[in-house]
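Structure, as structure tokens:
Here the structure is a predicted model, which is why all the values come from computation and not from measurement.
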Amino acid sequence: MKMTMTQKILASHAGLDHVVPGQLIEAKLDLILGNDVTTPPAIDIFQKTCACGVFDRSKVALVPDHFTPNKDIKSAEHCKKIREFARDQKIENYFEVGDPKMGVEHVILPENGLVAPGDAIIGADSHTCTYGALGAFATGVGSTDLACAMATGQTWFRVPEAISFRLTGSFLPGVTGKDLILHIIGMIGVDGALYQSMEFSGPGVANLSMADRLTVCNMAIEAGGKNGIFPVDEQTIEYIKTFAPERYARGDYRIFEADEDAGYEKTIDIDLATVPLTVSFPHLPENTRVVGTFGEVKIDQVVIGSCTNGRLEDLRLAAEILSGQKVRKGVRCIILPGSQRVWKESLREGLLEIFADAGCIVSAPTCGPCLGGHMGILAEGERCVSTTNRNFVGRMGHPKSEVYLSGVPVAAASAVLGRIGAPSELSAEQ
Amino acid sequence: MNASGKVFKYGANVDTDVIIPARYLNTADPSELAKHCMEDIDATFVDRVSVGDIIVGGPNFGCGSSREHAPVAIKHSGISCVIAPSFARIFYRNAINMGLAILECAEAAEGIEDKDRVEVDFSTGVIHDLTNGKQFTAKPFPDFIRKIIEADGLVGYISGKIPECK
């Protein structure tokens with residue numbers, strides 16, 4: 001019986017030669033993640049289980065990033081609780097505000113060498129599926145699972161079925177990984193991959209940067225997927241050479257390949273050259289439209305950043321478009337570098353100055369407005385184009401506000417246009 | 001183990017942001033969370049819900065975030081059971097771990113109307129709509145899941161199973 005890439009990683013972590021879809025397994029974990037929303041309840045649960053301590057202090061990562069720097073007293077109390085737990089448990093991977101390695105969880109874990117091919121990772125955050133970009137199995141869980149996994153180093157899984165996405169060709173100029181994943185969600189729907197793996201393959205993979213792959217896997221959950229995963233290639237190896245040099249040097253990673261005829265539920269072929277600039281209209285990521293095919297949508301705010309699109313490559317793309325331009329009067333453009341490293345590198349490359357000159361505000365690394373936390377909440381009736389991942393009712397503020405999801409080029413161009421539009425429209429307007 | 005109550009019916013893709021908006025996630029206190037349950041799609045839910053009531057939703061119920069606060073808010077609002085054709089996977093897992101009963105049954109989700117009175121028998125999976133007399137059968141829980149729910153969640157279920165500290 002053949003196996004998918006995900007099934008092989010799960011089998012290896014369960015100490016089994018073979019697994020089949022639907023099978024319940026207990027698997028050992030390489031990394032367990034919590035943030036400032038999900039960790040406080042997990043700490044209470046952890047204490048109730050009477051565990052003596054975390055199973056391995058190098059394999060737990062605690063990232064206060066959602067309501068940080070703390071927006072109010074309650075969130076400050078939550079972060080204090082995590083800080084004290086991390087200190088008491090001697091957690092090695094705790095990322096304090098201002099630490100050179102700090103930032104938004106799914107930006108910093110790969111950047112700090114905590115993810116490598118073949119790993120099995122759970123995180124009490126739904127976008128934990130991001131790490132599949134590196135050929136790892138990673139999925140989101142809740143606080144109870146986080147607590148029990150911190151105590152035992154393992155968790156149970158139902159082995160998932162999978163959908164295969166075979167990619168060919170390469171993107172047209174200006175199209176990014178964000179357009180690809182929005183395009184896919186528009187095609188299969190927000191439950192199109194429910195309980196399943198989304199496995200990407202084909203010659204088109206080589207034409208996707210690691211930043212693109214991280215963005216694509218990040219939003220697998222938005223199609224209901226358990227995980228998204230890319231095969232390991234030269235770019236992946238280059239990435240871990242740079243960001244996880246110690247693990248690379250030790251050979252502490254494992255490359256799994258899907259079997260040729262693994263039993264996929266279905267196979268979807270996508271020529272990357274056919275992927276258009278895509279925007280998800282309110283209030284579901286599946287409500288996708290092609291840029292240029294809808295009427296004027298005026299906007300009040302633009303957000304560029306998040307675990308989906310807050311990497312250095314994203315900020316470079318934004319700066320390329322915003323350089324020498326001005327944000328339209330009446331529009332707020334908020335830029336959130338995904339990590340302190342991204343922030344510092346953006347400073348060094350002069351990107352922050354470009355943003356300031358264009359009339360944008362640059363925030364500290366935080367999830368902030370993405371989930372309606374702080375740093376850019378919408379009022380009733382306001383519209384925002386955002387490079388984040390969800391546009392549910394009330395996601396970024398008032399229940400009667402609207403979020404339009406897009407890639408970085410469309411978001412940056414829209415900030416200048418004052419309405420949703422493509423970068424190509426900027427030169428046309430001048 | 002059974003549930004019995006009046007029905008609150010919602011559509012497809014009820015997401016975790018409407019079940020408990022993120023602006024309230026600066027607390028993890030179940031009774032605080034319950035005060036804002038369903039607020040963004042049904043502002044009067046918390047005033048109308050009584051202990052034992054049942055939510056019936058459309059496909060992909062609970063999609064979105066991994067916040068366990070979502071099943072916690074539903075459970076502590078008094079809801080005894082959620083019935084839907086399918087659940088988002090993290091919500092499904094969290095609901096069981098929190099001891100919130102959930103049943104997958106497309107026919108029931110279709111055939112039950114808002115405000116109907118419904119009874120559920122978890123051991124057989126039988127769902128009985130007392131208002132229109134219709135009966136449906138969901139796949140019953142396996143034993144260990146029923147025990148988790150009876151133990152008020154995974155922690156209650158595993159407590160006592162973790163070895164003593166040396």
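- For chain B, no part of A/Leu146 is nearby; none of its heavy atoms comes within less than 4.5 Å.
- Distance check, rounded to the nearest 0.5 Å: CD1 of B/Ile90 to NZ of A/Lys226 gives 10.0 Å.
- For the pair A/Cys148 and B/Leu154, the tightest heavy-atom approach, listed with the atom from each and the gap, is SG-CD2, 3.9 Å.
- With rounding to the nearest 0.5 angstrom, the NE2 atom of A/His374 is 15.5 Å from the CZ atom of B/Arg23.
- Ionic pairing of B/Arg93 and A/Asp145 is present here: one or more N-O contacts between side-chain nitrogen and carboxylate oxygen are shorter than 4.0 angstrom.
- For chain B, the nearby parts of A/Leu371 are the backbone and the side chain; heavy atoms of each come within less than 4.5 Å.
- Side-chain contact annotation: A/Thr144 with B/Glu68, donor-acceptor N/O pair under 3.5 Å present.
- Contact tally against chain B (heavy-atom pairs below 4.5 Å) for A/Ser143, A/Ser75, A/Ala42, A/Gly123: the top residue is A/Ser143.
- With a 4.5 Å cut-off on side-chain heavy atoms, B/Ser66 and A/Val141 do not count as touching.
- In A/Glu265, the CD atom is crowded: over 12 heavy atoms of neighbouring residues, nucleotides or ligands sit closer than 6.0 Å.
- A donor-acceptor pair shorter than 3.5 Å can be found between the side chains of B/Arg89 and A/Thr139.
- In this structure, chain B has a heavy atom under 4.5 Å from the side chain of A/Lys71, while its backbone stays farther away.
- Chain A forms the most heavy-atom pairs under 4.5 Å with one residue out of B/Gly64, B/Pro71, B/Cys63, and that residue is B/Gly64.
- B/Asp40 and A/Gly394 make their closest contact through OD2-CA, 4.0 Å (heavy atoms, listed as atom of the first residue, atom of the second, distance).
- A donor-acceptor pair under 3.5 Å is absent between the side-chain atoms of B/Tyr92 and the main chain of A/Tyr195, judged by distance alone.
- Atoms CD and CG, from A/Glu77 and B/Asn26 in turn, are 11.0 Å apart once rounded to the nearest 0.5 Å.
- Only the side chain of A/Asp72 comes within contact range of chain B, with at least one heavy atom under 4.5 Å from a heavy atom of that chain.
- The CG atom of B/Leu25 lies 9.5 Å from the NE2 atom of A/His78; values are rounded to the nearest 0.5 Å.
- If you take NE2 on B/His69 and OG1 on A/Thr38, they are separated by 7.5 Å, rounding to the nearest 0.5 Å.
- To the nearest 0.5 angstrom, B/Asp17 atom CG is 12.0 Å from A/His283 atom NE2.
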